[in-house]
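What follows is one structure encoded as structure tokens, with my remarks underneath.
The structure displayed is predicted, hence computed values, not measured ones. Reckoned from all heavy atoms, side chains included, excluding hydrogens, waters and symmetry mates.
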Amino acid sequence: MAKPELLKQFDLRGESLDDKVNDYLQGDSIDRVDEILRDSVIDFEEEKIIQGKVVSTSDDWVIVDVGYKAEGEVPRSHFEGAEIIVGDTVDVLIEEVDEEDGRIMLSKRKADRIKGWEKVVETHNEGDVVTGRVLRKIKGGLLIDIGVPVFLPASQIAIRRVGDVSEFVGKDLECKIIKIDEPRMNIVVSRRKLLEERRDELKSNLMTEIELDQVRKGTVKNITDFGAFVDLGGIDGLLHITDMSWGRINHPNEILTVEQEIDVKVLKIDKDRERISLGLKQTQPSPWDDIEERFPIGSKISGKVVNVLSYGAFIELEEGIEGLVHVSEMSWTRRISNPREVVEENQEVDVVVLEIKKDKQEISLGMKQVEVNPWEVVAQKYPVGHYISGKVRNLTNYGAFVELEDGIDGLLHVSDMSWTRKIIHPSEKLDKGQEVHAVVLEVDQERKRIALGLKQMEEDPWVREIPDTYAIGTVVRGTVTKTTNFGAFVQMEEDLEGLLHISELSGDKVDSPEQVVTIGETVDVKVIRVDDESRKIGLSLKEVTEEESAQLAALYEQAAEGEFPTTVGSVPENLPDEVPDIEDPEDVVPVPEAGDIEENASIEEPTADAPTEEASSEEVAGETSDDDETENRE
């Protein structure tokens, strides 16, 4: 019985169907249809390839007459988009025979595969080279048609690992058969093995003929951060990033692309290790060949900052030519710790050529040399004796730095701050940022130093004022400021002290100054010696009479605030030949001279042994005079 779906598919009904049936039976009774169908398929063998003729087509099926009473059905998809014409002869494989209803299922795809396989096996062996088109990407590699589909593993596509294998789909590839599995009808091919064999042959030829300084064509095969690998035809050479351009490049991909053909020069050959170093920039003339003629030493030129490092900045003078401006060559006056304080990348700057090392391809440049060195004219601008005004920029333990102009500082040493007072630290006299007036004492252009004086703004009181005011025998009133084992210091007026030696405290033997005086006590003392050379005043308490103290007290009652009256008393007998030091030797700190120190130098405090209680005023003076000469710099 005919199936309704077939009747509908082929549009057979009514008289048309009867006519078709009679034609097919050729006079036999319709009752014998089942018998005729069984007889027509009784000799069919499954998995056998036979030829048939296309008799009709539909959207899903192709009906093929295989020469028997029954017609077979082939899925249209087996033709893989090929044009199907009624009457064409095709090879098909018998997949299934239904003896009950006489249906035959056919496969063109399997028939094509078996015929192709048989043909490939007959004509090819393992190791043969074949060419096929890549059909599609599959798991683990590619499927290639060489008459039958064969497998190309991803690891065998190329010598280097391929990122995306789908880029080969639709391309014709030449491969080598590495495995034929007849029972499973599988073939595995390798393109990599074929490429390696050919490369080895080319490599052997290349290593025989290649020579240093040859210029050869190559193809860029791989790009890395440090360079590019160039295929010279059998072997890859390394083109390092430093040999790509005479100019500065940050990455090779700025000038190269994969598969780009370039001319390179052979720089180095290691035949044992089969390594070749290549150069691209060496194919062009070196800009360093006539560098000294184009950039003579002392010439002023403009350039662009291309890189800033901790020790300086690199300036591009032209493509392929860079010079270094060291941080010490950026300013005449400023202490630059970081070059970025002065320049930044891509900034245009003017520089002067200082030195050229052609063999090392190095140029030393200077930025400060573009301007006049202010220290060359500082002696004219600030001559010795010149009065200046400036702001205290920094305080150190040995003095104050006063800014005279931008980048030019003068040192005001502690020893030049007061004629009469011992300044231990400049903060006792000055504050940072304070505006001061001083006089230029010395200019050292070679060492870039200017010495200033504050006390020199006034006359030295030790020349006339102190000797006149405090003549020997003068009775003064003062305050005990400090005691030592050899005496006491008495402040007679602001910034002026005298030494009251222990031997001058009393007519009786005194073991300790504290037995007679205390710190802060007001005492009347008599001047017994004035040494204007060592700038010391010796005092005596025991030589002051009651009458002299009364006279002085009366003068103080009449004196205005801020005045320090004195009275002239008798000159004592047996005056000392020398005045003991007005400083405690234990507290003496040698202060370096202004010309012998740096702004940020440190000073270690040496220790000194104090004199014993029994030391006389002469012995004390002798022991400390050398220190005072160091401390009181003229």
Pair I269-L212, side-chain contact (heavy atoms from CB on, under 4.5 Å): steps then yes or no: CA-CA 7 Å; I269 303 173; L212 288 176; 4.0 Å; yes
Backbone of E319 reached by a side-chain donor or acceptor of W246 within 3.5 Å: no
N373 side chain vs Q369 backbone, donor-acceptor pair below 3.5 Å: no
Candidate pair L256 and L239, rule side-chain contact (heavy atoms from CB on, under 4.5 Å), full reasoning: CA-CA 11 Å; L256 297 177; L239 175 58; 4.0 Å; yes
V130 side chain near V150 side chain, heavy-atom distance below 4.5 Å: no
M367 side chain near V343 side chain, heavy-atom distance below 4.5 Å: yes
Validation row: I450, W375 side chains within 4.5 angstrom (heavy atoms): yes
Minimum-distance pair of heavy atoms, taken over all atoms of L452 and L412: O-CD1, 3.5 Å
Short side-chain to backbone donor-acceptor contact, Q445 and V378, under 3.5 Å: no
Heavy atoms of other groups near R294 CZ, more than 12 under 6.0 Å: yes
Validation row: I223, H251 side chains within 4.5 angstrom (heavy atoms): yes
Separation between CD1 of I356 and CH2 of W288, rounded to the nearest 0.5 Å: 7.5 Å
Where A154 and R161 come nearest, the two heavy atoms and their spacing: C-NH1, 4.3 Å
K358 (side chain) donor-acceptor with D289 (main chain) under 3.5 angstrom: yes
Under 3.5 Å donor-acceptor, D290 side chain and E293 backbone: no
Pairwise distance NZ(K357) to CD1(I291) - rounded to 0.5 angstrom: 15.0 Å
Residue pair L365 / E329: nearest heavy atoms and the distance that separates them: O-CB, 3.9 Å
Minimum-distance pair of heavy atoms, taken over all atoms of E345 and N307: OE2-OD1, 3.7 Å
N/O donor-acceptor pair under 3.5 Å between Q347 side chain and E344 backbone: yes
Test item: K368 and R334 side chains (from C-beta on) under 4.5 Å apart, heavy atoms: no
Residues E196, K176: salt bridge by 4.0 Å N-O rule: no
N/O donor-acceptor pair under 3.5 Å between R109 side chain and S77 backbone: yes
K304 atom NZ, over 12 foreign heavy atoms within 6.0 Å: no
R191 to F168 - nearest heavy-atom pair and separation: NH1-CE2, 4.1 Å
Within-4.5 Å side-chain heavy-atom neighbours: M330 and P339: yes
Contact check, side chains of I63 and E73, non-hydrogen atoms, under 4.5 Å: yes
Side-chain donor/acceptor of K281 to backbone N/O of T242, under 3.5 Å: yes
Sidechain-backbone polar pair: E197 side chain, L194 backbone, donor-acceptor under 3.5 Å: no
side-chain contact (heavy atoms from CB on, under 4.5 Å) evaluation trace for V230 with L280: CA-CA 11 Å; V230 180; L280 181 62; over 6 Å; no
Flag side-chain contact, heavy atom, 4.5 Å: R76 against T57: yes
More than 12 heavy atoms from other groups under 6.0 Å of CD on Q434: yes
Between CD1 on residue I241 and OG1 on residue T224, distance to nearest 0.5 Å: 8.5 Å
Over all atoms of both residues, closest heavy-atom pair of L152 and S190: CD1-CA, 3.9 Å
Check: N125 main-chain N/O paired with D128 side-chain donor or acceptor under 3.5 Å: yes
Reported CG-to-NZ distance for the pair D409 and K391, which is rounded to 0.5 angstrom: 12.5 Å
